[in-house]
Amino acid sequence: AMLNALQFQRRRNARLESIAPDRGAECSADTSDALVAALPHLVAGIEGFFRAVAVGEDRLGIQDSLRIMSAWFTYGHHDMVHAAVRSGIDRSSIAVWLRVVPQLISRVGTPERSIRQLLGTLLTKVGVAFPHAMLYPISVCYSTAEPGSLRRSAARKILRDIREAHAALCREGQTISDELIRVAILW
């Protein structure tokens, strides 16, 4: 509920800024104060979602994982939120993140450095533990990203780390991945 309230305030302020720019700045200051006051509650919510993921069912675990990601990618630039997410990732099973690999990879080029680094670490852990599940999606991410982009460099680093742990599997997987991409383009 706290996450929904903060998202509502952010959308409301964006609408107000588009209608009355002078009023929008005033509301942003109010939202900033509300966010600082809400951070401890947001952190508690994130910790609760991590506990729910650890003990939850598959269906509910995906929803909770997606809620964690929503809070992480929206408010992860705050130190308290970043610390809560890092702690939760360290305590949770890597297998939990297999269900949301596509969503994680879609954020691999996020401009916020701390979020990008933690996300890269998480995807590397998933890739080392389950290379068969990560090779194709991260190869596609690397191949389709613009040269020199944050997305491409993050994907290259993840692929390099997976390759160090599983060299033969990565060579074979890269060949298959390249062929699948080639066939998809030519189809």
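Reckoned from all heavy atoms, side chains included, excluding hydrogens, waters and symmetry mates. Worth saying up front: this structure is predicted, and the values here are computed from it rather than measured. When a residue number appears, it is its place in the shown sequence, counting from 1.
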Within a radius of less than 6.0 Å around CZ of Arg86, do more than 12 heavy atoms belonging to other residues, nucleotides or ligands occur? no
Correct closest heavy-atom pair for Gly127 and Met134 would be CA-CG, 3.5 Å
Mind checking the CZ-OG spacing from Arg99 to Ser65? Nearest 0.5 Å is all I need. 5.0 Å
Here the salt bridge (Lys or Arg N to Asp or Glu O under 4.0 Å) pairs for residues 42-56, sequence neighbours left out, are none
Determine, stepwise, if the pair Trp72 / Leu119 fulfils side-chain contact (heavy atoms from CB on, under 4.5 Å). CA-CA 10 Å; Trp72 177 20; Leu119 179 58; 3.9 Å; yes
Please check: side-chain N/O of Thr74 versus main-chain N/O of Ala71, any donor-acceptor pairing under 3.5 Å? no
Is there a path from Val100 to Ile46 through hydrophobic residues (I, L, V, M, F, W, Y) whose side chains come within less than 4.5 Å of each other? yes
Just by modelled atom types, is the Val108 backbone N or O under 3.5 Å from a matching donor or acceptor in the Arg116 side chain? no
Value for OG1 (Thr124) from CZ (Arg160), rounded to nearest 0.5 Å, stands at 8.5 Å
With heavy-atom distances below 4.5 Å as the criterion, would you say the side chains of Ile105 and Val140 are in contact? no
Report the distance from atom CG of Leu135 to atom CG of Leu159, rounding to the nearest 0.5 Å. 7.0 Å
Any donor-acceptor pair under 3.5 Å from Ser87 side chain to Ala84 backbone: no
Is there a donor-acceptor contact under 3.5 Å from the side chain of Ser92 to the main chain of Ile89? yes
When you compare the side chain of Asp178 with that of Thr175, does any pair of heavy atoms fall below 4.5 Å? no
List the residues meeting salt bridge (charged side-chain N to carboxylate O under 4.0 Å, His left out) with Asp90, not counting sequence neighbours, and say none if there are none. Lys125
How long is the gap from CD1 on Ile176 to CZ on Arg171, to the nearest 0.5 Å? 13.0 Å
Step-by-step side-chain contact (heavy atoms from CB on, under 4.5 Å) determination, Val85 to His82: CA-CA 5 Å; Val85 172; His82 184 77; 5.9 Å; no
Can you name the closest pair of heavy atoms from Glu146 and Ser149 and give their distance? O-OG, 2.8 Å
Can you tell if the side chain of Phe130 reaches within under 4.5 Å of the side chain of Val101, non-hydrogen atoms only? no
Side chains of Phe50 and Val96, heavy atoms from C-beta outward: is any pair under 4.5 Å? no
Just wondering, more than 12 heavy atoms not from Glu179 lying within 6.0 Å of its CD? yes
Calculate, to the nearest 0.5 Å, the distance between atoms CD and CZ belonging to Gln63 and Phe49 respectively. 9.5 Å
Main-chain N/O of Ala145 paired to Arg152 side chain as donor or acceptor, under 3.5 Å: yes
Looking at every heavy atom in both Gly76 and Ser114, which two are closest together, and how far apart are they? O-OG, 4.0 Å
Donor-acceptor pair, side chain of Ser70 and main chain of Leu66, under 3.5 angstrom: no
Looking at Pro131, is its backbone amide N or carbonyl O close enough to the side chain of His166 to form a donor-acceptor pair, meaning the two atoms are under 3.5 Å apart? no
Heavy-atom side-chain proximity of Val126 to Leu104 below 4.5 angstrom: no
Interatomic distance, SG@Cys170 vs CD1@Ile138, rounded to 0.5 Å, equals 11.5 Å
Which is it for Tyr75 and Val43 under the side-chain contact (heavy atoms from CB on, under 4.5 Å) test, yes or no, and what are the steps along the way? CA-CA 10 Å; Tyr75 303 106; Val43 167; over 6 Å; no
Under 4.5 Å between side-chain heavy atoms, counting indirect links through other Ile/Leu/Val/Met/Phe/Trp/Tyr residues: same cluster for Leu98 and Val128 or not? no
